[in-house]
Amino acid sequence: MAFPHRPDAPELPDFSMLKRLARDQLIYLLEQQHEVDKLYKVENKPALSSNEQLCFLVRPRIKNMRYIANLVNADKLAGRTRKYKVIFSPQKFYACEMVLEEEGIYGDVSCDEWAFSLLPLDVDLLSMELPEFFRDYFLEGDQRWINTVAQALHLLSTLYGPFPNSYGIGRCAKMSYELWRKLEEEEDGETKGRRPEIGHTFLLDRDTDFVTALCSQVVYEGLVDDTFRIKCGSVDFGPEVTSSDKSLKVLLNAEDKVFSEIRNEHFSNVFGFLSQKARNLQAQYDRRRGMDIKQMKNFVSQELKGLKQEHRLLSLHIGACESIMKKKTKQDFQELIKTEHALLEGFSIRESTSYIEEHIDRQVSPIESLRLMCLLSITENGLIPKDYRSLKTQYLQSYGPEHLLTFSNLRRAGLLTEQAPGDTLTAVESKVSKLVTDKAAGKITDAFSSLAKRSNFRAISKKLNLIPRVDGEYDLKVPRDMAYVFSGAYVPLSCRIIEQVLERRSWQGLDEVVRLLNCSEFAFTDMTKEDKASSESLRLILVVFLGGCTFSEISALRFLGREKGYRFIFLTTAVTNSARLMEAMSEVKA
Amino acid sequence: MNRTKGDEEEYWNSSKFKAFTFDDEDDELSQLKESKRAVNSLRDFVDDDDDDDDLERVSWSGEPVGSISWSIKETAGNSGSTHEGREQLKSRNSFSSYAQLPKPTSTYSLSSFFRGRTRPGSFQSLSDALSDTPAKSYAPELGRPKGEYRDYSNDWSPSDTVRRLRKGKVCSLERFRSLQDKLQLLEEAVSMHDGNVITAVLIFLKRTLCKEILFRELEVRQVALRHLIHFLKEIGDQKLLLDLFRYLDRTEELALSHYREHLNIQDPEKRKEFLKTCIGLPFSAEDSAHIQDHYTLLERQIIIEGTFSSPINLKKTFKIPDKQYVLTALAARAKLRAWHDVDALFTTKNWLGYTKKRAPIGFHRVVEILHKNSAPVQILQEYVNLVEDVDTKLNLATKFKCHDVVIDTYRDLKDRQQLLAYRSKVDKGSAEEEKIDALLSSPQIRWKN
């Protein structure tokens, strides 16, 4: 359990500095105001405060601006004068200012920015806490957060030295990287002469691998996230977990000694581990029998507190496990996983399709049904038209007709598509483009683009060996590859790509994979000529997930790190999972 | 336009100054010190407006704003608002009057004196900082006094303008008047990838170009086009959005966009009326049918008491597939423990009037659903018996303890061994055990083992 790192594994940089920076900055911003006495959540209702000044700490979104405008204008109407301050985090957008101006409150509110874009959720995990990144970019094609990403990279490189080797895949990855380089150039010399701490940087777009994010998670941390939703590194355990009448908010990170030992484990190992741990704990408690007074005094003053703490954590995680088990048994988890594995491996497609159909008809869960359909679509390069139509119709009848907007979104994002005869398409396309002007051809290509962008999962899976050949049982206790995070059935594509590129230190030999990923123009390598990087730093790797990463991917890469003597640092726009991705695409009443 | 080093530096100083003065707690202080070191290790990237840093901040207590606007604001006095300086934007509001004046020395604040003292030796003076400024970018501005170069601000090239916008600075776009200039600006913004700046330029173009020209130019600039569409969605400019889709001939998106509006209508009657207007829109053929259904559904919901709403009738109207209908009805009836209705659901009559049990979802699923809804064993048994595949039947019967079915099946299979094994699973002295014993000793059965 909890495999140790290799002795030569590099130390992680200290990210607590980021937290302090952000905190001090915020304190400073608030200090400028006089007496911020209470924090309210920005909701669309009148502010209760009778204070003479209001300060809003908001994400730069139009709807927040409208809310503030309503409030200010209501005050004005009532003849009330207050001072208003809006602090945008992580940055202000011009569109927001435009709204303030249009609403006639531009001068009445003053604006500021809190450049807080990196929250260290754990020793190796930095989150930008921008769940909206996914929809904004991958659905709407809005690049508003690219600058934020570039700034975050810039901050990291100023704090932890230049990045000597960079790789990336995906359109957004490439743009973020270019903008970041631009920033570095503009502030030339910033990191010059400094020794790099982080030897490799890898940027990856979420849409190069939707499959992994759509799978049910079975490592403990992922499962906890799927079941209870981890928010900002902490989770609310309800009464069913705490076995009391209260809910408990629990921080989940490396500091929780029990959690840190089970977080990366396949769920089937967790119970055994926890009960072993409980026995050890009991034995330690039992030691107090037969102690003399002095020993007892020592025990109470030194060990008891730690034991109690451990006891508390242990009972929490046992409670969580029980609750997970109960929920999973109820929803026929076994059968669900079986279907997922069949989809990943590409057999029994008909059975899987009717399983999904039944899932929809029984109205099990709108999000789950959607997820399974997307998984079917991506692994099969789109649904055959007959299935697409029939599943869609049943979905709308089960969960509401307004979801046809959701289907339109999913199609645009390439998550749920209808199969088209690919070869004839390109033939038609090229024929047409010969006949008409460039402009019109561009239009046609665009119209076809969602169809043209095939996921090619099966071919990629073959090329990269994502489905391990297993003789006999896959021993989940002693994982042999990253596939253990999906019960040995599938190596996460994103992690495999990273592994392959790090091994080669380039994309060489991966051309076919890159082409199949539709990323021929968006795979890049950038190595600095002078190599000042120590061998230790060369084993420290920053992975940047644009559009979110899952705990399963984190666990898989942590495993890879232990195998190869690397340490990974994760920077993600947000921690995500299948449900969050689907919700981001859903279109329902507010 | 993230916080620049200059701001952080400044922030640090005023913040620490306060901590230093009023807060003696060592812990805090040392933490702050560490932060400061971190901040200082970020090299000073000083903006050309760095000297503004030394102005006293006038925050809340300052005069309320006159009119400032970043770029996109008309008026001839615009040169004033092009004055860069986030400080003014941020907190000092009496901006226009300030901007016209050369900076008076009296605005140097008390805290700016302290600043020198509280800074450690590594303090970079203003001139240090300036000399570090990349000369290439700001060269034309450096030599001139502030008041003067402000007048030249209108000469910024598209790339300078975009860079300034990227850094969140005030920057006039008014000088980009010819279409060519506007498009160059847009292309420059797109080439930098920063969506915020692209949108800023689009807001300007939207205001200064008629929509036909704007649409025409965006049609061949897909990245910018996507930004405009998202922007229009976000600010809720539905009219222009629909015009745009119409222009682009994206009929389906046009229809969907219009349809989306119904989500904001609360009143069911109004909602229904709105949906009626959607029916003729150019949806795809299948979506047209869904929209029609949606309308009909709302109509039904409003007159739900009527006879039109029997389940069978609904099934017909909405062409609900058998499977879906059965699953929904089964779950609903089972929850109410209405076993007769469940029975009726699966009973079909053939043309001779014989009844037959048929389940489009397979009886094994029926059994599972019934079990989930805690149906009694007698009911379960009935349906387990209808499962055709013998292995499945045995599995289900064993799982749900339908002993009679298990026993009868083994008898029919003439599997003595299995029956014997099953005997140990039933309660001692129960009717089931008796039944097994009777079978085992029956001379009429030719056991296969």
Side-chain angles (χ1 to χ4, degrees), chain A residues 17 20-21 24-25 27-28 31-34 53 62 83 85 90-95 97-99 101 106-108 110-113 115 140-144 146-147 151 158-159 175 178-179 186-188 190 357-358 361-362 389 394 396-398 401-402 404-405 408 439 442 446 587 589-590, chain B residues 1-3 11 14-15 18 31-32 34-35 38-39 41-43 45 57 59-60 64-67 69-70 72 89-91 93 134 137 166 168 192-196 198-200 203 220 222 226-227 230-231 234-235 256 260 263 286-287 290 293-294 297 318 320-321 323-324 327-328 331 361:
Chain A
M17 192 192 275
R20 283 203 300 276
L21 259 175
D24 291 357
Q25 226 176 57
I27 292 174
Y28 160 73
E31 247 173 26
Q32 282 185 307
Q33 279 57 265
H34 307 291
Q53 55 187 35
I62 303 291
K83 303 238 162 63
K85 174 127 185 160
Q91 68 167 98
K92 180 171 64 183
F93 286 145
Y94 289 115
E97 285 186 302
M98 186 210 76
V99 172
E101 187 173 341
Y106 192 96
D108 304 301
S110 58
C111 299
D112 219 326
E113 289 178 329
E140 306 289 359
D142 193 315
Q143 303 169 6
R144 60 177 60 175
I146 287 185
N147 182 46
Q151 295 282 358
T158 34
L159 291 174
M175 291 193 291
E178 282 172 8
L179 190 54
E186 281 169 4
E187 279 124 36
D188 196 26
E190 187 103 0
E357 189 177 36
E358 198 178 305
D361 291 349
R362 290 173 64 186
R389 247 160 252 152
Q394 293 179 59
L396 299 182
Q397 280 167 343
S398 273
E402 64 273 12
L404 67 90
L405 295 167
S408 152
K439 188 184 147 189
D446 191 60
E587 202 78 43
K589 274 157 277 182
Chain B
M1 46 179 177
N2 265 336
R3 179 154 306 282
Y11 135 60
S14 36
S15 171
K18 188 170 175 197
Q31 274 191 6
L32 283 168
E34 269 184 74
S35 301
V39 173
S41 73
L42 306 164
R43 256 211 27 201
F45 43 92
R57 254 207 184 68
S59 60
W60 291 99
V65 179
S67 79
S69 152
W70 59 290
I72 304 176
L89 251 188
K90 261 190 273 179
S91 47
N93 294 330
S137 22
R166 230 176 63 218
M192 283 296 123
H193 313 312
D194 183 346
N196 179 34
I198 297 172
T199 305
I203 293 170
V220 289
Q222 290 291 323
R226 279 196 287 271
H227 281 80
H230 191 214
F231 171 74
E234 275 202 306
I235 61 165
L256 287 168
R260 178 176 284 110
L263 294 175
E286 45 163 327
D287 281 357
H290 294 314
D293 279 357
H294 193 177
L297 180 69
F318 296 109
I320 293 169
K323 253 190 188 177
Q324 191 171 21
L327 282 166
T328 313
I361 54 173

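Order of the sequence lines sets the chain letters (A, B, ...), proteins ahead of strands, with each chain counted from 1.
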List the atom of [X], the atom of [Y], and the distance in Å for their closest heavy-atom pair.
| X | Y | value |
| --- | --- | --- |
| B:Gln324 | A:Ser398 | NE2-OG, 3.0 Å |
| A:Arg362 | B:Leu327 | CG-CD2, 3.6 Å |
| A:Arg144 | B:Asp194 | O-OD1, 4.3 Å |
| B:Leu256 | A:Ser408 | CD1-OG, 3.4 Å |

Nearest-0.5 Å distance, [atom1] of residue [X] to [atom2] of residue [Y]:
| X | Y | atom1 | atom2 | result |
| --- | --- | --- | --- | --- |
| A:Ile146 | B:Asn196 | CD1 | CG | 12.0 Å |
| B:Leu263 | A:Leu405 | CG | CG | 6.0 Å |
| A:Glu97 | B:Ile203 | CD | CD1 | 9.5 Å |
| A:Arg389 | B:His290 | CZ | NE2 | 9.5 Å |
| B:Ile198 | A:Tyr94 | CD1 | OH | 13.0 Å |
| A:Glu140 | B:Phe231 | CD | CZ | 14.0 Å |

Open item on the list: My understanding is that only residues two or more places apart in sequence, or in another chain, count here; which of them pass salt bridge (charged side-chain N to carboxylate O under 4.0 Å, His left out) with B:Arg260?
Closed with: A:Glu587

Decide yes or no for [X] and [Y]: does some side-chain heavy atom of the first lie under 4.5 Å from some side-chain heavy atom of the second?
| X | Y | answer |
| --- | --- | --- |
| B:Asp293 | A:Leu396 | no |
| B:His230 | A:Gln143 | no |
| B:Pro321 | A:Gln397 | yes |

Task: Contact winner vs chain A - B:Thr328, B:Ile361, B:Ile235, heavy-atom pairs under 4.5 Å - done: B:Ile235

Task: Contacting region of B:Glu286 [heavy-atom separation from chain A under 4.5 Å] - done: side chain

- [ ] Please step through side chain to side chain contact (heavy atoms under 4.5 Å, CB included) for the pair B:His193 and A:Asn147, ending with a clear verdict.
- [x] CA-CA 8 Å; B:His193 313 312; A:Asn147 182 46; over 6 Å; no

Open item on the list: Could you work out, with ring-ring contact (aromatic ring centres under 6.0 Å, His included) as the rule, every residue matching B:His294, not counting sequence neighbours?
Closed with: B:Tyr259, B:His262

Task: CA sep, side-chain torsions, deciding dist, call: B:Lys323, A:Glu358, salt bridge (Lys or Arg N to Asp or Glu O under 4.0 Å) - done: CA-CA 8 Å; B:Lys323 253 190 188 177; A:Glu358 198 178 305; 5.9 Å; no

